[in-house]
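Chain naming here is simple, since letters A, B, ... match the order of the sequence lines and numbering starts at 1 in each. Computed over heavy atoms, backbone and side chain alike; hydrogens, waters and symmetry mates excluded.
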Amino acid sequence: MLKFADYGIFSGGDLMGVKYEAVLWNRQKKSYDIILWGMIVGILLVFVVSQFLMHPLITLETLIIRATALTAFVLLHLILMIGPLARLDHRFLPLLYNRRHLGVSMFLIALVHGAFSIIQFHALGDVNPIVSVFTSNQNYQAISEFPFQILGFFALIILFLMAATSHDFWLKNLSPKIWKTLHISVYLAYALLIAHVATGALQYENHPAYWAILILGFASVTGLHFTAGFNDYKRLTKEKYAALEDGFVEVCTINEIQDDCAKTVFINGENIAIFKYDGNVSAVHNVCKHQMGPLGEGKIVDGCITCPWHGYQYLPQNGQAPAPFTETLHTYIVKVIGSKVWVHPTPKPEGTFIEPAKVEQT
Amino acid sequence: MERLISSLLQFVLVYLILGLVFTIAFMSKGLTVVDEGTKETSWKFKLLILPGMLVFWPLFALKWKRSLK
Ligand code: HEM
Ligand code: FES
């Protein structure tokens with residue numbers, strides 16, 4: 001669901017359904033995948049042809065190694081740019097929801113590059129090929145002083161872990177927190193790969209144009225991230241000033257309220273309970289209509305604020321007791337700005353419906 | 001250095017093989033207990049989560065054990 005859409009490059013729009021599907025392909029996703037693979041084949045072809053033009057005598061292995069490396073590297077750049085692009089302009093959101101397939105495809109192509117490199121450069125001696133990646137440049141004609149393959153190797157491991165855990169099953173079973181941390185490490189993989197290219201291939205193909213392209217790619221990725229970050233910051237600041245002007249008061253951060261519980265505040269003599277439930281935030285008067293019990297110390301049960309004293313219930317959105325009961329509470333307008341909860345301390349007439357504020361995804 | 005990396009690699013290999021053995025048993029019995037959402041899923045879904053299982057299997061061993069109690 002939307003809530004997890006920005007958690008990592010392999011996250012997608014698949015629903016957190018009750019039952020898992022291998023891959024949730026609907027029509028929109030199918031056409032996305034067709035375009036995606038068309039694009040991948042296109043990029044591969046461009047690199048194959050350009051390698052042939054530049055090195056007519058190139059061997060098939062080297063051709064595969066280079067074309068897959070460059071294609072995967074280009075795809076990684078696209079993947080990393082989709083996040084900030086979607087934050088800057090919502091028209092990019094469909095790409096964000098489908099990023100998972102792009103990520104897995106990129107890993108598979110990078111895997112071909114890694115596997116062929118290991119076969120080509122490390123499988124000839126009598127040392128185990130993977131061991132040879134680490135014991136470095138002695139077993140083959142060194143193309144660079146620096147053991148840049150190790151950097152590629154670790155990047156590939158990270159990409160593998162992310163691709164392997166891209167299904168929603170993993171989001172649930174690893175817990176969103178661990179899953180998110182794992183998927184944020186794509187930036188580590190990216191840094192490793194920039195170094196892999198700069199200390200590897202660019203040491204012998206050191207035409208300034210290659211350096212320019214590498215730096216341009218890196219600048220695009222970082223530049224977009226900074227622009228999107230700055231944009232968010234500007235938007236939040238604007239919202240904050242507007243809220244202050246309208247008489248809202250900042251109360252706490254969203255994490256200070258436990259799920260299905262409340263935080264209580266006194267503002268201008270108003271006793272307010274602010275509840276968080278199902279990604280929503282709502283505020284009501286903190287005093288129960290029965291015998292003035294502290295509602296904010298109660299929990300949300302079956303979607304209703306439930307008084308800790310004798311169990312009277314009220315809907316958090318409108319302060320009304322569910323039928324057949326008739327008690328009603330004052331409600332308050334709430335806002336979530338970034339990670340902060342704001343409330344307007346002027347009570348609305350008892351039983352007034354207030355649109356719950358949505359917890360923003362971070 | 002080479003010896004160290006060789007033994008590390010062997011350790012990883014053993015870990016993955018143990019993972020495979022565990023995963024085969026786990027997928028036929030424990031998976032649906034640990035996560036209800038996996039009931040009635042296809043073999044394709046199981047294949048898809050297999051690579052990750054080989055890495056994170058101790059977590060599922062723990063979850064499985066807890067569910068038995
Ligand atoms: C086991 C992991 C890896 C190994 C052993 C490895 C090895 C190599 C080698 C030997 C080269 C030089 C090839 C040549 O120019 O003839 C190279 C270049 C390159 N690698 Fe990797 N690599 C690995 C992982 C990766 C990954 C995960 C990526 C991600 C996209 C990547 C991207 C690149 C790029 C962009 C180049 C420059 C391509 C070119 O030479 O034109 N590598 N790698
Ligand atoms: S005071 Fe709230 S139920 Fe009695």
ask   = Are B/F56 and A/F169 close enough that their ring centres sit under 6.0 Å apart?
value =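 Not under 6.0 Å, so no.
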Exceeds 12 heavy-atom contacts within 6.0 angstrom, atom CD of A/Q258:
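Not buried by this count: 12 neighbours or fewer within 6.0 Å.
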- Near A/F73 CZ, under 6.0 Å, is it more than 12 heavy atoms from other residues, nucleotides or ligands?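 Buried by this count: over 12 neighbours within 6.0 Å.
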Non-hydrogen atoms of chain A under 4.5 Å away: do they reach the side chain of [X], the backbone, both or neither?
X     : result
B/I49 : both
B/K63 : side chain
B/L4  : neither
B/S42 : side chain

Next on the checklist: Assess the residue pair A/W170 and B/F60 against the criterion (ring-ring contact (aromatic ring centres under 6.0 Å, His included)); give the C-alpha distance rounded to whole Å, side-chain angles, the decisive distance to 0.1 Å, and a yes or no.
Outcome noted: CA-CA 11 Å; A/W170 294 102; B/F60 291 91; 5.6 Å; yes
- [ ] Would you check if A/N173 and B/V34 make a side-chain contact, meaning some heavy-atom pair closer than 4.5 Å?
- [x]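 A side-chain contact exists here, since the closest heavy-atom pair is under 4.5 Å.
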